[in-house]
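Read the structure below first, then the notes.
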Amino acid sequence: MTWGASQVQLSSPENFGDMTVRNLVHTSVGGSGLQATLSNAEGDRPVTFSPVTVGVQSVGAAVVPGRQHQLTFEGEASVTIEPGETAQSDALDWNVPADTTLAVSVHTVGDTGPVTGHTFANQVSHTASGDATGDVSGEAFDGTINNWYWVEALTVQPPREASTLAFFGDSITDGVGATTGANLRWPDQLADRIANSRYVHSYGVTNQGISANRLLEDGTGDAGIDRFTRDVLDEPSVSTVFVLEGVNDLRWDLADTPEDLTDAYSQLISEAHAEGVCVVGATILPFGGSSRWTAEREEIRLEVNDWIRTSGAFDSVVDFDAVVRDPDNPVEMDPRYGASDHLHPTSEGYAQMAGAVDLTTLDCDRTR
């Protein structure tokens, strides 16, 4: 997989039928035979898409001339997806570049009802009335959205055998606080490190973070313990998952004891190991100074982080707490790395996180 994002139900704009959404998404690994997965997983009625195109973004809603292609579904330009279902396009005879922003344009036919998509894209995408999928200049696109609509994943066949790294979490994995449109979420910056290492061409990336998601209880999206199988283990060729989730459970008093979180982590680890997937545990970042921080919640965070570091339950650990905390006030993030809300890192903070990952952890293989 070269790109992916978790799906939730989004409220639908008025009269959304007969519109085009140009979703801008960023590839990780390059390859041939691109396939796009469209999702109506959270819809309440069948949705028809016709046509669907993919191309290389130029500027804004524009695409590079000659580098846009129409996708087909079982040989047809149109596909109707039932509620709760997905559809994958036919493989496209096109070499997709790595580390590149693509424009995936979908035209809706008829009333769509609630939209399946991703709540916080940290990327501006574009909308137009009618069928504008073939518009190269981008002039037809007069609206913008900060979500991704209906596009769930892009897969390619890399030059050599590769697997997928899944990043599972909340808004910190989703990239809240990073520069919009710059692809500086910590998984993006880790993908850049991988591309400049001996692991180049070996891993694609799927970001399964959902802003405001909780591990233990439904909220924005299903609870982490319930969506883990769908969003990680059911995705193609996942070999390793990075788990960074729990701060929202602390902030909203869903985790009253350390065991509330550590038991949930143990469940995820057991499920992943049963499927031959390695699990990297990430310590919870400090959130002192943010809304809902208390000394009691801080004590639970410290105990959970100690368990992550020392229990041996994970295949490996990345200590994000250690690299972003303020050395003079460790309950808070270092002001060089934290946003003004004291909860989310900045692009610089995400760079610190990406740099903390020991790339040799990617050598883990539980299928042997």
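Worth saying up front: this structure is predicted, and the values here are computed from it rather than measured. Sequential numbering from 1 along the given sequence is applied to the chain's residues.
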Rounded to the nearest 0.5 Å, how far does [atom2] of [Y] lie from [atom1] of [X]?
| X | Y | atom1 | atom2 | value |
| --- | --- | --- | --- | --- |
| L71 | Q88 | CG | CD | 10.5 Å |
| M333 | L343 | CE | CG | 6.0 Å |
| L359 | S197 | CG | OG | 5.0 Å |
| S28 | L190 | OG | CG | 10.5 Å |
| Y265 | E245 | OH | CD | 8.0 Å |
| D231 | Q7 | CG | CD | 8.5 Å |

Problem set entry | Pairs touching residues 44-67 that satisfy ring pair (Phe, Tyr, Trp, His ring centres under 6.0 Å), sequence neighbours left out | F49-W150

Looking only at atom types and distance, does a side-chain atom of [X] sit under 3.5 Å from a main-chain N or O of [Y], one as donor and one as acceptor?
| X | Y | answer |
| --- | --- | --- |
| H118 | S6 | yes |
| D326 | E332 | no |
| S78 | S50 | no |
| N196 | R193 | no |

Shared hydrophobic cluster for [X] and [Y] (ILVMFWY, side-chain gaps under 4.5 Å):
| X | Y | value |
| --- | --- | --- |
| I269 | V243 | yes |
| F167 | V25 | no |
| V318 | L244 | yes |
| V238 | L268 | yes |
| L165 | V280 | yes |

Do the charged groups of [X] and [Y] touch, with an N to O distance under 4.0 Å?
| X | Y | value |
| --- | --- | --- |
| R185 | D174 | no |
| D234 | R230 | no |
| R214 | D170 | no |
| D334 | R325 | no |

Exercise. What residues join F120 in its hydrophobic cluster, counting side-chain heavy atom gaps under 4.5 Å, either direct or through other members?
Worked result: V176

Seminar exercise, completed: Note: with side-chain heavy atoms under 4.5 Å as the link, the other cluster members for L24 come out as none

[Y] versus [X], side-chain donor and acceptor atoms under 3.5 Å:
| X | Y | value |
| --- | --- | --- |
| N183 | H26 | yes |
| S163 | S237 | no |
| R22 | S125 | no |
| N213 | T220 | no |
| T116 | S39 | no |
| H126 | N23 | no |
| T144 | N146 | no |

I'd like a table of donor-acceptor pairs (distance under 3.5 Å, sequence neighbours excluded) in which one partner is a side-chain atom from residues 52-59, with atom names and distances.
{"from": "T53", "atom 1": "OG1", "to": "T133", "atom 2": "O", "distance (Å)": "3.1"}
{"from": "Q57", "atom 1": "NE2", "to": "G60", "atom 2": "O", "distance (Å)": "3.0"}

Problem set entry | Qualifying residues under side chain to side chain donor-acceptor pair (under 3.5 Å), relative to T127, sequence neighbours excluded | none

For this session: Sequence neighbours left out, what passes side chain to side chain donor-acceptor pair (under 3.5 Å) with S129? Give chain and number order.
Result: none

With sequence neighbours excluded, residues passing ring pair (Phe, Tyr, Trp, His ring centres under 6.0 Å) with [X]:
| X | result |
| --- | --- |
| H201 | none |
| Y203 | none |
| F168 | F228 |
| W3 | W148 |

Problem set entry | Residue pairs, two or more places apart or on separate chains, that pass side-chain hydrogen bond (donor to acceptor under 3.5 Å, both in side chains) and touch residues 353-364 | R198-D363, Y199-D363, D358-T360

For this session: Report yes or no: is the cationic atom of R251 (NZ for Lys, CZ for Arg) closer than 6.0 Å to the six-membered ring centre of W293, at no more than 45° off its axis?
Result: no

For this session: I would like to know whether T112 and Y149 meet side-chain contact (heavy atoms from CB on, under 4.5 Å); could you show each step before the answer?
Result: CA-CA 11 Å; T112 65; Y149 284 4; over 6 Å; no

Problem set entry | Over all atoms of both residues, closest heavy-atom pair of M1 and T206 | SD-CB, 3.2 Å

Exercise. Can you pull the salt bridge (charged side-chain N to carboxylate O under 4.0 Å, His left out) pairs that have at least one residue in residues 86-101, sequence neighbours excluded?
Worked result: none

